[in-house]
Amino acid sequence: MTRLVIQKHDLDVAMSWLSTLGGAFSALGDEFNHCAKVAGKISLAQFKLSLQLGDPQLVARCNLYAALSLIQQGYYKRSKQMIQKLFKFALESKDIRLQKMCQGVWAKLKYCYLQRKKSIR
C-alpha cells in the first residue's frame with residue numbers, strides 16, 4: 001500500500017512539472033513551430049501519466065493540450081474534431097472547468113483559422 005501511495009505522489013509531482021514545462025512551450029508555440037511540437041510531446045507524456053492515474057477528466061485535459069498544440073501547428077480540422085469530442089464529454093460529465101477550457105481553446109482555433117484565412121488573401 002505504501003508503494004502505491006508513493007507511486008501516486010511521484011506521478012502527481014511529474015504531472016505538475018510537465019504542466020509547467022508544457023505551458024511554457026505552449027506559450028512560445030504561438031511564435032515558434034518547434035516549440036508547439038515540443039508542447040505536443042509534453043502533452044503526450046502527460047496523457048500517459050494521466051492514464052496511469054486513472055482520472056478521466058485529467059485524460060481529457062491532456063487531450064485538450066494536444067489539440068492546442070495541433071492548432072499552433074496549423075492542424076485545424078483535427079483539433080476541431082478533438083475539441084468537439086472533449087466538449088461533449090465535458091457536458092456529459094458536468095465538468096464545468098473542462099467546458100470552459102474547451103471554449104477557450106475553441107476561441108483560439110477560430111482566431112487562428114481567421115488569421116490564416118486573412119493572410120492567404
Side-chain angles (χ1 to χ4, degrees):
M1 185 66 152
T2 303
R3 185 176 60 87
L4 289 174
V5 170
I6 291 170
Q7 183 182 19
K8 181 166 180 353
H9 172 75
D10 290 346
L11 289 172
D12 286 336
V13 169
M15 202 63 163
S16 295
W17 278 104
L18 288 172
S19 289
T20 301
L21 190 59
F25 274 98
S26 181
L28 291 169
D30 287 336
E31 296 296 322
F32 306 105
N33 191 51
H34 68 280
C35 290
K37 288 179 182 180
V38 172
K41 290 178 183 178
I42 292 170
S43 67
L44 179 61
Q46 286 180 293
F47 175 77
K48 290 176 182 178
L49 284 178
S50 66
L51 288 175
Q52 289 180 351
L53 289 168
D55 182 349
Q57 271 68 30
L58 187 56
V59 170
R61 287 196 301 272
C62 293
N63 277 314
L64 195 57
Y65 303 150
L68 180 58
S69 172
L70 290 174
I71 291 168
Q72 291 174 324
Q73 296 175 62
Y75 297 105
Y76 300 135
K77 186 175 181 178
R78 178 66 185 131
S79 58
K80 176 184 175 183
Q81 295 167 342
M82 290 173 70
I83 298 164
Q84 289 173 329
K85 183 179 176 183
L86 291 165
F87 189 70
K88 183 179 178 188
F89 170 76
L91 290 173
E92 290 170 356
S93 61
K94 297 180 181 14
D95 186 339
I96 303 299
R97 178 181 180 195
L98 183 58
Q99 290 174 29
K100 298 293 183 189
M101 290 173 71
C102 287
Q103 290 169 342
V105 175
W106 184 262
K108 172 85 171 184
L109 172 63
K110 284 178 27 180
Y111 174 78
C112 290
Y113 179 77
L114 289 174
Q115 290 300 110
R116 185 175 82 175
K117 199 172 175 181
K118 284 180 185 178
S119 71
I120 292 173
R121 291 184 191 168

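Positions are given from 1, in the same order as the sequence printed here.
With rounding to the nearest 0.5 angstrom, the OG atom of Ser16 is 9.5 Å from the CD atom of Gln46. For the atom pair CD of Gln52 and CG of Leu49, the computed distance is 5.5 Å after rounding to the nearest 0.5 Å. Atom OG of Ser19 and atom CG of Leu58 lie 7.5 Å apart (nearest 0.5 Å). Atom NZ of Lys117 sits about 12.5 Å away from atom OH of Tyr76, to the nearest 0.5 Å.
Side-chain contact check for Ser119 and Gln115: no donor-acceptor pair (N or O, by modelled atom type) lies under 3.5 Å.
Screening residues 22-38 for salt bridge (Lys or Arg N to Asp or Glu O under 4.0 Å) gives Asp30-Lys108 as the qualifying pairs, with residues at least two apart or on separate chains.
The two residues Leu86 and Ala60 come nearest to each other via the heavy atoms CD2-O, 3.6 Å. Nearest heavy atom pair, residue Tyr65 against residue Met101, reads CE2-CE, 3.7 Å. What you find for Ala66 and Met82 is that their closest heavy atoms are CB-CE, 4.1 Å. In this structure, Ala67 and Ile83 approach most closely via the heavy-atom pair CB-CG1, 4.1 Å. The two residues Gly22 and Ile42 make their nearest non-hydrogen contact at CA-CG2, 3.7 Å. In plain terms, the two heavy atoms of Gln72 and Ser26 that are nearest each other are NE2-O, 2.6 Å.
Hydrophobic clustering (side-chain heavy atoms under 4.5 Å, transitive across Ile, Leu, Val, Met, Phe, Trp, Tyr) groups Trp106 together with Ile71. Connection of Phe25 to Leu68 is not established within any shared hydrophobic cluster, with ILVMFWY side chains joined at heavy-atom distances below 4.5 Å, either directly or through further cluster members. Hydrophobic clustering of Ile, Leu, Val, Met, Phe, Trp and Tyr side chains at less than 4.5 Å, counting indirect connections, keeps Val59 apart from Leu64. There is a path of hydrophobic side-chain contacts, each under 4.5 Å, that joins Leu109 to Leu98. In the hydrophobic clustering of this structure, Phe87 does not group with Phe47; members are Ile, Leu, Val, Met, Phe, Trp, Tyr whose side-chain heavy atoms approach within less than 4.5 Å, directly or through other members.
By the side chain to side chain donor-acceptor pair (under 3.5 Å) test, Ser79 pairs with no residue at all, sequence neighbours left out. Listed by chain and residue number, Ser93 satisfy the side chain to side chain donor-acceptor pair (under 3.5 Å) test with Gln57 (two or more places apart in sequence, or in another chain).
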Run Ser69 and Gln73 through side-chain hydrogen bond (donor to acceptor under 3.5 Å, both in side chains) and show every step you take. CA-CA 6 Å; Ser69 172; Gln73 296 175 62; 2.9 Å; yes

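Taking 4.5 Å as the limit, some side-chain heavy atom of Ser50 sits within range of a side-chain heavy atom of Cys62. Taking the side chain as every heavy atom from C-beta outward, Gln81 and Arg78 approach each other to under 4.5 Å. Proximity of Val13 to His9: side-chain heavy atoms (C-beta onward) are separated by under 4.5 Å at one or more points.
Counting non-hydrogen atoms of other residues, nucleotides and ligands closer than 6.0 Å to OH of Tyr113 gives a total of 12 or fewer.
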